[in-house]
Amino acid sequence: MSQSPFVRPSLPVAAFIALLLPALGFLAGYGYGFGVRRAPLPQPAVPGATPVPGAPPAPLVKGLHASPDDKFVAFTGVFDQSRRAARFVLNLQTGQAKDAQTPPGWQDYITQWSGDSRALLFERERIPRPVAEATAGLYSEPIGADGVHGQPQLLTQNVNIPDEKITAGFWTPGGHLALKTRREPKSLFLLENGTPRLIDRAGVNFQQHRALRENGKTVFYTVRDVPGGALSGQSDAAALFRVENGQAQRLSEDLPGAIWVYLQENARRMVVCRQNANGTDWNWTLYAVSPRAATKMKTARVPGDVSTVYWSPDGQNILGAGGQSLWLVNIASLQARRLTARTDWNSDDACWLWRENAILVAAGGVLSKVAVKDGAAREIWRFPNAYWR
């Protein structure tokens, strides 16, 4: 759970998206495979340049995650007009990427690295296309020292939750697998010795989870529906809760009108994003969070171009990488600054490279490393020609 992207909707539909966004969950990517060696395709257009007539479309990057040791990044590359995809692991030291096949007709989304940087957790779901032989569920994939993919292991094969479908999951700090279900009320389970134990329920939507170790126990901080809110017509009523041993304690006030709510990785701060009255920008509200309460600290206007956000590992900044520019929002002041002079990024995804004090940005089929100190950017990898179709 090293990053949590939230995509800024167009403002005329913001109210609708505020209700819909939590139900969508996080992004998903899909399959890979060639079998036939192809001649090189025309050189793709440089991101941000004037489109070249007849140039192939750039592959799309989804689910970009840096390993905890900052040696690798993993992501899904979607290509062939969104009909195919591959899981990639890029070695940041050598610049070499290894790919792995996902059966056609299925989605893979990389959710998380293990704490030792030696395995990936990814979700596999069927999509409405011709389907190859495969099994839906959550998989663990070992990653070798050189970035080579190992044999994925299905983690949910024998997990039975009656009348439910598992839609997503994440590893807790104790190494257990937490599972989220689809139907209403949606549920959160912890898999212990192969048996799912109910942790929490949301009437309509879970918006975000953080799993922590406190006093030797695994506890969950979760943003979800206020009990009875949906039934009373307040379908956007949400709040922050702390859940321990299946008992939920409410920490925050109601959070009406939130476009998204974003918890810091250690669940000690929370940002709530709402639309500003000018119809263009955002209002961000910062909360300090303890095991007993969430306290409102300040509210500030943030430029409307700040979208698709990622909290820095030290908790001091939030990166906004989904708009025309790259932005850093300082948490202490909630003031935003452009990280580079370039204003045509329109990135697919991004992540922090904490040991290098840099970020990695995927845009137009290219991965670029951007220094936080001075905004210097350089291309470090682009998709091979075979993916530009």
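The model shown is predicted, which means the values in this text are computed figures rather than measured ones.
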Pairwise side-chain contact, Leu334 with Leu286, heavy-atom cut-off 4.5 Å (strictly under): yes
Results of salt bridge (charged side-chain N to carboxylate O under 4.0 Å, His left out) for Glu356 - residues two or more places apart only: Lys369
Sequence-distant partners of Glu192, side chain to side chain donor-acceptor pair (under 3.5 Å), two or more places apart: Arg197
Parallel, tilted or perpendicular: ring planes of His65 versus Tyr109, cut at 30 and 60 degrees: perpendicular
Side-chain H-bond candidate by donor/acceptor type, Thr340 with Trp345, under 3.5 Å: yes
Where Trp113 and Ser67 come nearest, the two heavy atoms and their spacing: NE1-N, 3.4 Å
Distance, nearest 0.5 Å, that separates NE2 of His176 from CG of Asn193: 6.5 Å
Any side-chain heavy-atom pair of Ile331 and Asn317 under 4.5 Å: no
Distance-only polar pair, side chains of Arg201 and Ser187, donor-acceptor under 3.5 Å: yes
Ile143 CD1 to Lys98 NZ distance, which is reported to the nearest 0.5 Å: 11.5 Å
Within 6.0 angstrom of Arg126 CZ, more than 12 heavy atoms from elsewhere: no
Test item: Thr156 side-chain N/O and Gly137 main-chain N/O as donor-acceptor pair under 3.5 Å: no
By side chain to side chain contact (heavy atoms under 4.5 Å, CB included) - contacts of Asp163 (at least two apart): none
With sequence neighbours excluded, residues passing side chain to side chain contact (heavy atoms under 4.5 Å, CB included) with Asn158: none
Polar side chain donor-acceptor pair, Tyr310 to Asp349, under 3.5 angstrom: yes
Value rounded to 0.5 Å, distance of SG in Cys273 from CG in Leu255: 12.0 Å
Contact list for residues 313-324, test salt bridge (Lys or Arg N to Asp or Glu O under 4.0 Å), sequence neighbours left out: none
Thr111-Glu123 side chain donor-acceptor pair, cut-off 3.5 Å: yes
Over 12 foreign heavy atoms within 6.0 Å of CG, Asn215: no
Backbone N/O of Glu164 and side chain of Arg182: donor-acceptor pair under 3.5 Å: no
Parallel, tilted or perpendicular, as decided by the 30° and 60° cut-offs, for the rings of Phe206 and His209: tilted
Lys71 side chain reached by Leu92 side chain, heavy atoms, under 4.5 Å: no
Met270 side chain reached by Val272 side chain, heavy atoms, under 4.5 Å: yes
Path from Leu198 to Leu179 over hydrophobic side-chain contacts below 4.5 Å: yes
hydrophobic_cluster_shared for Trp282 and Met297, side chain cutoff 4.5 Å: yes
Partner set under ring pair (Phe, Tyr, Trp, His ring centres under 6.0 Å) for Phe241, not counting sequence neighbours: none
Arg87 backbone acceptor or donor facing Asp99 side chain under 3.5 Å: no
Pair Asn330, Gln316: side-chain N/O donor-acceptor within cut-off below 3.5 Å: no
Gln207 side chain near Arg224 side chain, heavy-atom distance below 4.5 Å: no
Heavy-atom closest pair, residues Pro291 and Leu251: O-CD2, 3.6 Å
Pairwise distance OG1(Thr135) to CD(Gln157) - rounded to 0.5 angstrom: 6.5 Å
Min side-chain heavy-atom separation Asp200-Phe220 under 4.5 Å: no
Listed partners of Glu214 passing side chain to side chain donor-acceptor pair (under 3.5 Å), at least two apart: Tyr221, Arg242, Arg268
Residues in salt bridge (charged side-chain N to carboxylate O under 4.0 Å, His left out) contact with Lys217, at least two apart in sequence or another chain: Glu244
Greater than 12 external heavy atoms within 6.0 Å of Gln249's CD: yes
Atom of Thr285, atom of Lys296 and distance for their closest heavy-atom approach: CG2-CG, 3.7 Å
Short side-chain donor-acceptor distance under 3.5 Å, Asp108 and Thr102: yes
Set of side chain to side chain donor-acceptor pair (under 3.5 Å) partners for Trp284, sequence neighbours left out: none
Gap between atom CG of Asp348 and atom CG of Leu60 - 0.5 Å precision: 4.5 Å
Minimum side-chain heavy-atom gap Val372-Val370 below 4.5 Å: no
From Trp388, Phe88, Phe79, residue fulfilling ring pair (Phe, Tyr, Trp, His ring centres under 6.0 Å) relative to Phe383: Phe88
Distance-only polar pair, side chains of Ser368 and Arg378, donor-acceptor under 3.5 Å: no
Heavy-atom donor-acceptor pair, Arg250 side chain to Ser252 backbone, under 3.5 Å: yes
Any Lys62 side-chain heavy atom under 4.5 Å of Val78 side chain: yes
Passing candidate, ring pair (Phe, Tyr, Trp, His ring centres under 6.0 Å) with Phe122, options Trp171, Phe170, Tyr139: Tyr139
Arg183 backbone acceptor or donor facing Thr181 side chain under 3.5 Å: no
Identified side-chain contact (heavy atoms from CB on, under 4.5 Å) partner of Leu328 from the options Val306, Leu339, Ile318: Leu339
Over all atoms of both residues, closest heavy-atom pair of Lys186 and Val204: NZ-O, 2.9 Å
Those residues that, when tested against Arg337, pass salt bridge (charged side-chain N to carboxylate O under 4.0 Å, His left out) (two or more places apart): none
Reference residue Ile380; test side-chain contact (heavy atoms from CB on, under 4.5 Å); the match among Val366, Val73, Leu360: Leu360
Proximity of Trp311 and Tyr262 rings by center, below 6.0 Å: yes
Which residues share a salt bridge (charged side-chain N to carboxylate O under 4.0 Å, His left out) with Arg338, sequence neighbours left out: none
Partners meeting side chain to side chain donor-acceptor pair (under 3.5 Å) with Asn283 (sequence neighbours left out): Asn276
